[in-house]
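In this text, all values refer to a predicted model and were calculated from it rather than measured experimentally.
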Amino acid sequence: MHSVLEKTSKALCGYEGKRLAVGLSGGRDSVCLLHAAISCGVVDKANITAIHVHHGLRETADRDMEFCKTLCDRLGVKIVCVAADVKKIARDNGLGIEQAARNVRYGIFYDMIKSGEVDCILTAHHALDNAESVLMHLFRGAGLDGLRGMDSNAIVRPFLDVYPDELDDYVKENGLDYVVDETNLDDDADRNFIRLNVLPLIEKRYAGAVRAINGFSKECGAAVDVLDNLLDEAHITRQGGATIIPDAALSSPLAARYVRYALVDFTLTDVTRAQIESVVALKDGRTGAVAELAHGVKAAREDNSVAIYIPRDKYDGEVELVIGTNYIDGLSVDVKRTKKSPKSIKGGVVDGDKLCGATLRFRRDGDLFKPFGGGTKKLKQYLIDKKIPSRLRDRLPLVCRGNEVLLIVGVEISDGVRVDENTVNTLAVSLRARP
């Protein structure tokens with residue numbers, strides 16, 4: 001049995017009976033993968049589907065799609081072709097073409113899994129691809145996670161231990177045809193630059209360098225697994241749309257691992273060492289200090305912790321406050337008649353008649369607040385004194401009349417709406433918890 005078949009058979013062991021989708025570009029690598037998946041004897045051909053993504057980037061893209069259809073027809077394999085306007089997607093999202101194309105492909109792959117059409121996706125990334133990825137991550141300032149290279153978790157990569165010369169032999173032995181992507185010879189793309197310029201020089205000086213890089217990446221992967229098992233997941237909490245990392249975690253030798261673990265919530269694909277270090281450094285920063293991360297994600301210093309979050313656009317609308325449920329920008333505020341004791345001012349028990357003409361909105365410049373039993377002050381200063389994080393201040397529903405804040409829902413009532421001996425209409429105002 002050819003080494004490619006042996007390695008494919010080993011990689012697919014355990015996937016018997018599963019519905020597999022093979023990413024098929026029409027190039028040498030993906031053609032070999034489709035043929036090997038069919039031929040290795042582990043998976044029934046009826047359970048294999050090819051996926052071809054037409055990116056609309058090259059004049060030969062239609063040719064490639066037709067080649068893939070013809071190949072699958074000859075092999076007796078179902079094929080699904082999906083077209084996408086990658087240039088528009090890149091433009092609309094401020095991404096490079098290479099990243100946008102990758103996002104499109106993997107989005108299609110994961111959608112097929114979520115929809116239940118297939119159980120897993122196979123891609124033809126091989127040992128040289130892995131070495132290229134390790135170097136790209138290293139040059140971009142990645143940590144151990146980047147140096148582990150490609151993994152085979154959500155996406156199955158049977159060829160990670162297969163080298164290009166093995167694929168060339170496999171093509172010759174099986175008489176396989178394939179198409180050539182001419183853009184692979186353009187070194188403008190990072191991966192192509194490393195493949196065409198960097199690795200040949202390294203291999204010329206250090207024979208076997210690619211295999212050495214791949215061996216190193218496996219060791220890094222093993223080290224990452226050990227370190228992750230040492231993390232105390234209880235340290236990481238979710239609150240108000242943010243992921244919170246306490247100072248105890250940021251002070252530990254595993255601080256960088258905790259940051260990476262927290263960033264998973266925001267699906268950051270290009271997490272660099274510099275970004276991680278900027279988050280860890282916030283531990284010693286002033287309250288309110290902010291670090292800008294990738295894709296609009298921010299990290300902010302709070303009380304004994306650092307919060308990672310994506311800022312929400314400020315909502316400037318307002319609605320008339322009514323008895324019942326009030327909705328404002330995704331939040332629900334309940335106003336109900338009650339006989340509850342007004343002693344718990346945070347519970348929002350107020351004299352309902354004093355809310356006449358009030359509206360529900362979020363904070364604005366010039367808002368004033370007279371807390372229960374206290375003197376009038378600027379709302380901003382009150383929230384700072386209460387140590388309410390900056391990221392939450394614009395998401396606190398306020399019951400207001402003009403620039404007078406009568407109630408900060410879930411926090412405190414104004415002295416002006418307190419229940420007294422003349423109160424006949426007692427209301428409880430509260431923020432409905434999300435299900």
Side-chain angles (χ1 to χ4, degrees), residues 3-4 7-8 11 22-34 36 52-53 55 57-61 64 67 86 90 95-106 109 122-142 145-152 155-172 176-221 269-270 272:
S3 62
V4 170
K7 293 176 181 180
T8 303
V22 177
L24 181 66
S25 69
R28 178 199 62 183
D29 306 341
S30 64
V31 168
C32 285
L33 177 60
L34 179 61
H52 177 79
V53 181
H55 298 95
L57 295 174
R58 297 179 290 110
E59 293 181 0
T60 54
D64 295 352
F67 171 84
V86 172
L95 298 172
I97 292 294
E98 189 177 9
Q99 184 62 49
R102 183 182 186 279
N103 290 353
V104 166
R105 287 195 301 276
Y106 282 87
F109 294 163
L122 276 61
T123 65
H125 294 107
H126 51 65
L128 181 58
D129 294 319
N130 186 71
E132 293 162 1
S133 294
V134 171
L135 291 182
M136 286 169 60
H137 295 159
L138 177 64
F139 298 153
R140 288 172 176 171
D145 293 83
L147 299 183
R148 76 183 303 172
M150 299 174 169
D151 59 43
S152 293
I155 301 294
V156 181
R157 297 184 170 95
F159 284 179
L160 280 186
D161 287 326
V162 175
Y163 286 81
D165 57 341
E166 296 176 89
L167 295 176
D168 289 336
D169 290 342
Y170 190 78
V171 164
K172 291 177 182 177
L176 300 178
D177 292 325
Y178 58 88
V179 295
V180 176
D181 181 351
E182 62 278 6
T183 63
N184 286 337
L185 301 178
D186 181 1
D187 65 4
D188 284 344
D190 290 344
R191 183 175 294 278
N192 287 355
F193 178 81
I194 290 175
R195 173 180 297 156
L196 299 173
N197 302 310
V198 177
L199 277 175
L201 282 175
I202 294 175
E203 280 279 0
K204 185 177 180 180
R205 182 76 176 188
Y206 302 99
V210 170
R211 293 181 183 275
I213 292 170
N214 285 329
F216 172 70
S217 75
K218 289 182 180 179
E219 290 187 20
C220 288
T269 55
D270 295 317
T272 66

Where [X] and [Y] come nearest, the two heavy atoms and their spacing:
| X | Y | value |
| --- | --- | --- |
| Gly146 | His137 | O-ND1, 2.7 Å |
| Val86 | Ile97 | CG1-O, 3.9 Å |
| Thr8 | Val4 | OG1-O, 2.7 Å |
| Phe159 | Asp29 | CE1-O, 3.7 Å |
| Val179 | Phe67 | CG1-CG, 3.7 Å |

Quick one: does [X]'s side chain get under 4.5 Å of [Y]'s, heavy atoms only?
| X | Y | answer |
| --- | --- | --- |
| Val210 | Glu203 | yes |
| Met150 | Ser217 | no |
| Pro158 | Leu122 | yes |
| His126 | Leu160 | no |
| Val31 | Leu24 | yes |
| Thr60 | Val180 | no |

*asked:* Would you say CZ of Phe139 has more than 12 non-hydrogen atoms from neighbouring residues, nucleotides or ligands within 6.0 angstrom?
replied: yes
*With His52 via side-chain hydrogen bond (donor to acceptor under 3.5 Å, both in side chains) - residues at least two apart*: none
*Applying side-chain hydrogen bond (donor to acceptor under 3.5 Å, both in side chains), name anything that partners His55, two or more places apart in sequence or on another chain.*
Arg105
Donor-acceptor contact below 3.5 Å, side chain [X] vs main chain [Y]:
| X | Y | value |
| --- | --- | --- |
| Glu166 | Ser3 | no |
| Glu132 | Ile194 | no |
| Ser30 | Ser25 | yes |

*With a 4.0 Å cut-off, would you call Glu219 and Arg148 a salt bridge?*
no
*Is a salt bridge present between Arg195 and Asp129, judged by a nitrogen-to-oxygen distance below 4.0 Å?*
yes
Say you draw a straight line from [atom1] of [X] to [atom2] of [Y]; how long is it, rounded to the nearest 0.5 Å?
| X | Y | atom1 | atom2 | value |
| --- | --- | --- | --- | --- |
| Tyr106 | Thr123 | OH | OG1 | 5.0 Å |
| Arg211 | Asp161 | CZ | CG | 9.5 Å |
| His125 | Leu33 | NE2 | CG | 10.5 Å |
| Cys32 | Asp168 | SG | CG | 8.0 Å |
| Leu176 | Leu34 | CG | CG | 9.5 Å |
| Asp190 | Met136 | CG | CE | 5.0 Å |

*Between Tyr163 and Asn214, does a side chain to side chain donor-acceptor pair (under 3.5 Å) hold up when you go through it step by step?*
CA-CA 11 Å; Tyr163 286 81; Asn214 285 329; 3.1 Å; yes
*Only one of Asp145, Leu147, Val134 passes side-chain contact (heavy atoms from CB on, under 4.5 Å) with Cys220; say which it is.*
Leu147
